[in-house]
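So the structure is just underneath, and the comments pick up after that.
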Amino acid sequence: MNTTKKLTAVLLALVMALTLAACGGGKSGGKSVGSSKPDSNLGKYIGEEVLSSDNEWVPFDDIYDLGSSYIELKEGGKGDFCMEDDIKEIEWTLDNDGKLVLSSYGTTCSGTLKDGLISLDDYFGFDLQMTFRKGGSLVSSSKAEGSLDDFADEDDACSLSLFFGDNGKLIAAGAYNLS
């Protein structure tokens, strides 16, 4: 009887170990692997820099200035890739080493995601390198110190944007004359 109890205990321990091993590792597609916490990688990443043909990093808006450019990673490995207000649906995977793969309509785009920065090595088959920084929340001018009057005459149309990181610190601010 004592041997049966020991054998049962060993078998149960082995089953538990295999179950835990099966849950660890693997790829994330909008889920934190092995965790019940929400995936901190989810969110919107704003276009930051593009590697020019002169091998110099230039601000994203200097190249792509006809509208919004961002990558939004959503739950379930779904998301959006927006270039100059042209949005395409994507699927994404992220492995434990930070390798990010975006796919859309049979083409893929690969890069890395680390510390809130997406670095893409190619843009869906084009030899184009670019970076996207995770954006925080947008704050309206009524909550910000100062007003749009500080940036433009009363006839000008303006936009004030403030982006805060996950830690609550200001990442970027901009006032744009829209007229």
Please go through Trp57's hydrophobic cluster and name the other residues, only I, L, V, M, F, W, Y counting, with side-chain heavy atoms under 4.5 Å joining them.
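In the cluster with Trp57 are Leu51.
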Are side-chain heavy atoms of [X] and [Y] found at a separation under 4.5 Å?
X: Ile46; Y: Lys134; result: no
X: Glu89; Y: Ser104; result: no
X: Tyr123; Y: Val50; result: no
X: Asn41; Y: Leu100; result: no

Could you list the residues that satisfy salt bridge (Lys or Arg N to Asp or Glu O under 4.0 Å) with Glu91, not counting sequence neighbours?
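Salt bridge (Lys or Arg N to Asp or Glu O under 4.0 Å) check on Glu91 returns Lys78.
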Taking only residues two or more places apart in sequence, or in another chain, which ones meet Asp121 in a salt bridge (Lys or Arg N to Asp or Glu O under 4.0 Å)?
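In terms of salt bridge (Lys or Arg N to Asp or Glu O under 4.0 Å), with neighbours along the sequence ignored, Asp121 is linked to no residue.
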Qualifying residues under ring-ring contact (aromatic ring centres under 6.0 Å, His included), relative to Phe60, sequence neighbours excluded
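In terms of ring-ring contact (aromatic ring centres under 6.0 Å, His included), with neighbours along the sequence ignored, Phe60 is linked to Tyr64, Phe132.
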Report yes or no: does Glu49 contribute a side-chain atom to a donor-acceptor pair with the main-chain N or O of Met130 at less than 3.5 Å?
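Such a contact is absent between Glu49 side chain and Met130 backbone.
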Quick one: does Trp92's side chain have a donor or acceptor within less than 3.5 Å of a partner on Lys74's backbone?
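Flag set: sc Trp92 to bb Lys74 pair under 3.5 Å.
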Could you check whether atom CG of Asp85 has more than 12 heavy atoms from other residues, nucleotides or ligands sitting under 6.0 Å from it?
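More than 12 heavy atoms, drawn from other residues, nucleotides or ligands, come within 6.0 Å of this atom.
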Sequence neighbours left out, what passes side-chain contact (heavy atoms from CB on, under 4.5 Å) with Leu117? Give chain and number order.
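Per chain and number, Leu117 pairs via side-chain contact (heavy atoms from CB on, under 4.5 Å) with Glu48, Ser119, Thr131, Arg133.
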Mind checking side-chain contact (heavy atoms from CB on, under 4.5 Å) for Lys99 and listing every partner two or more places apart, or none if nothing turns up?
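Asp95, Val101.
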